[in-house]
Amino acid sequence: MRPFAYRRPADARAAVEAALDAPRAMYLGGGTNLVDLMRLGVAEPDLLVDVAGLPYDTIRETGDGGLEIGGAVRNSDLAAHPAVRRDRPMLAQALLSAASGQIRNAATVAGNLLQRTRCAYFQDVSKPCNKRIPGSGCPAIEGDHYNLAILGHSAHCVATHPSDMAVALTAFGAAVHVEGPGGRREIGMPGLHRLPGDRPEVDTVLDPGDLITGLTVRPLPFAARSRYRKVRERASFAFALVSVAAALDVEDGTVRDCRVALGGVAHAPWRAERLEEALRGRPATEGSYAEAADAELDLAEPLRDNAYKIPLARKVIVRTLAELGG
Amino acid sequence: MRVNFTVNGVEQTADDVWEGESLLYVLRERVGLPGSKNACEQGECGSCTVYLDGTPVCACLVAAGQAEGREVRTVEGLADGERLDPIQEAFVECGAVQCGFCTPGLLVQAHDLIERVPEPSDPEIREALAGNLCRCTGYEKILDAVRLAAARKAEAGR
C-alpha cells in the first residue's frame, strides 16, 4: 500500500477544498470497499478525506411523503427506518440483501453508490483492466465473464455495478445531492452512473472534488407494494447475478403504473424503461409481465458464458411482478 | 501518526501508526489485544468483529485514522474480569467452539444481537450471524449457544 495522508474536514466546503489539494485524493465513507481496494493495490489515493463524520447522517421525512437521506447515513440505519420499511420495502430489502450486518453498520449511503465493480480482473493488479489502467485491455471479454454484463457494455469493459441499494434508488428515480468545486447541484438516477463506452475508468458523471451529501427520494405511494429480489450463488457475501427492484400499481386488474430496475446486468443500475412503457395500461397478468420483460431484454447482448442471465432475468422479473400484482 | 482512542473502557494512545494500518492491526499489534482475528481481510468472514462506538463492524475494513477519538470494545472486553459474559458461557456449555478462529467475531456479533433483540427467532439469529463464517461447526452448536444465552437473558429480565 502506498503512503497517503489522512484528513477529517469539519464541513462539506472544507472537504471539497481538501480533495482538490491532492491529485489522487479520495473521499472515505465507511471504508468497507475503499480500504479493501487500497490493500489490494487497486486504489492508490495520496490523500483520504474522511467524510463519514460530516453532519449528513440523518434521514428526514418531508411533508409531502418524500425522504431526505444524508450521504453519511449508515446502510443499517436506512434499512431500519420506518418510512423505508413501510413505504419503500424494495429499498429496505435491497440494503438487507447487500451485505452482512457488520458491513451495513459501517457502509455509508454515498459510499455505497460509489463502490467499484467486483469484476475479478479489476480487483487483480496482476491482470490488465481498462477500468484500472486505461488502454491495458479487457481480459474479461474473452475470459471469466459468466457474472458480468449483458446490457450496455462496450468493447472496452463488460463490468457490472455491484450496488443493490442503487438499483432500488434507480427504480425510485432518486435525486443525488452533490457539493462540488462549482457549488451545489442535483443529479437524477439513473444518470449518476455511466455506461463504459470508451472510458470505462470513469464510473460516474461526478467531477474531481464532487462530494455526495445526500439523496432525495420523492413520494411514490404505490411503492408500498414493492420488492427487491436478488439472485446470487450463495446468501452471504455474494453479488447479484441478476436482481430486480419492482413496484407495481394495479387497479381493477390493470397496471396503472410501475417502476422496474435491474442489477447485476450492466455497468450502471439499469432502469427498465422499455419494460415500464410496455406494461403501463396492460392487464396485470403473467403474460403481460413476460411480454414487458422481453421488451427490455431484447436489448441484451450476452457474452459467450452469460446468456443464462436473459432467461434468469425474465423469470425473476415475471415472478416478482406476479407476486406484487397477483 | 498517533491514534488516541478508548479500548474496552481504557484510553489508549498508539504511536508510529502508519496511515495504511487497519484498526485490526492496531488492536492486535500495538495495543496487545489479539482476540480479534485476522483472516479474510475483506469483510467476508467476520473474525475481526469489534464494537466501534457501540456498533459491530469488521475491524479489518476500518482505517486506523477512522478510529481516532472513538470507542472500541473487543472480545476481550466482553467478560467482567474473570466472569465470562453469558454469551461466552453459552458457547462453552454448548460446545460451539472447535478450532476457535471464528469464535471471537461470533461472540461480539451474537452479543450485539441479544442486546438488541431480547428473544431472537432462528431467522433473526441466522441473519445476524450471516457475516461470520465458521468452517468447523456447521453452525448448529453456535445457534444452540445463541438460543441458550438469549433464553437466559430473557429469564433474568423477567
Side-chain angles (χ1 to χ4, degrees), chain A residues 1-8 26-53 57 72 74-77 79-80 93 95-108 111 115 118 123 232 234-239, chain B residues 1-3 17-25 36 38-70 105-106 108-113 116-117 120 123-134 139:
Chain A
M1 204 187 285
R2 285 198 192 172
F4 59 91
Y6 172 88
R7 281 200 235 164
R8 258 192 216 182
M26 293 182 78
Y27 292 120
L28 175 67
T32 54
N33 186 212
L34 183 52
V35 171
D36 191 23
L37 290 176
M38 289 167 64
R39 190 172 292 133
L40 294 170
V42 174
E44 296 188 316
D46 51 0
L47 170 66
L48 283 186
V49 181
D50 188 342
V51 292
D57 58 348
R74 306 294 161 161
N75 287 195
S76 292
D77 294 331
Q93 290 161 8
L95 286 156
L96 293 175
S97 73
S100 70
Q102 291 97 318
I103 301 285
R104 296 196 301 264
N105 287 342
T108 63
Q115 61 182 305
R118 295 325 197 270
Q123 294 192 294
R232 48 186 161 170
R234 56 178 189 174
S236 181
F237 207 77
F239 294 84
Chain B
M1 72 177 174
R2 167 175 283 195
V3 178
V17 173
W18 181 55
E19 287 80 358
E21 286 176 16
S22 64
L23 171 61
L24 177 63
Y25 186 92
S36 315
N38 187 14
C40 78
E41 289 200 310
Q42 55 177 348
E44 179 172 9
C45 76
S47 302
C48 64
T49 303
V50 301
Y51 283 105
L52 182 62
D53 287 345
T55 308
V57 301
C58 291
C60 74
L61 294 180
V62 177
Q66 289 176 284
E68 172 66 35
R70 300 174 75 176
L106 277 161
V108 175
Q109 188 67 6
H111 184 268
D112 173 66
L113 171 68
R116 284 185 297 110
V117 185
E124 284 172 319
I125 298 173
R126 286 169 174 274
E127 159 57 25
L129 302 185
N132 295 77
L133 300 185
C134 171
Y139 296 95

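The chains referred to below are lettered A, B, ... by the order of the sequence lines, with proteins before strands, and numbering in each begins at 1.
For the atom pair CH2 of B:Trp18 and CZ of A:Phe4, the computed distance is 6.5 Å after rounding to the nearest 0.5 Å. Here the straight-line distance linking atom CD of B:Glu44 with atom OG of A:Ser100 works out to 9.5 Å at 0.5 Å rounding. Atom-to-atom distance recorded for A:Gln123:CD and B:Gln42:CD is 7.5 Å, nearest 0.5 angstrom.
Atom CZ of B:Arg126 is surrounded by 12 or fewer heavy atoms from other residues, nucleotides or ligands within 6.0 Å.
Residues of residues 37-49 of chain A placed with any heavy atom under 4.5 Å of a heavy atom in chain B are listed by number as A:Arg39.
No other option in A:Leu96, A:Val35, A:Ile103 has as many heavy-atom pairs under 4.5 Å with chain B as A:Val35. If you tally non-hydrogen atom pairs under 4.5 Å between each of B:Cys60, B:Ser22, B:Gly105, B:Ala64 and chain A, the highest count goes to B:Cys60.
With a 4.5 Å cut-off on non-hydrogen atoms, B:Glu127 touches chain A through its side chain but not through its backbone. Only the side chain of A:Arg234 comes within contact range of chain B, with at least one heavy atom under 4.5 Å from a heavy atom of that chain. With a 4.5 Å cut-off on non-hydrogen atoms, B:Glu68 touches chain A through its backbone and its side chain both.
Of the possible donor and acceptor atoms, none in the side chain of A:Gln102 sits under 3.5 Å from a partner among the backbone N and O of B:Val50.
Residues A:Thr32 and B:Val57 form no side-chain contact, since every pair of their non-hydrogen atoms from C-beta on lies 4.5 Å or further apart. Proximity of B:Leu61 to A:Asp36: side-chain heavy atoms (C-beta onward) are separated by under 4.5 Å at one or more points.
Applying the salt bridge (charged side-chain N to carboxylate O under 4.0 Å, His left out) criterion to B:Asp112, with sequence neighbours excluded, gives B:Arg116.
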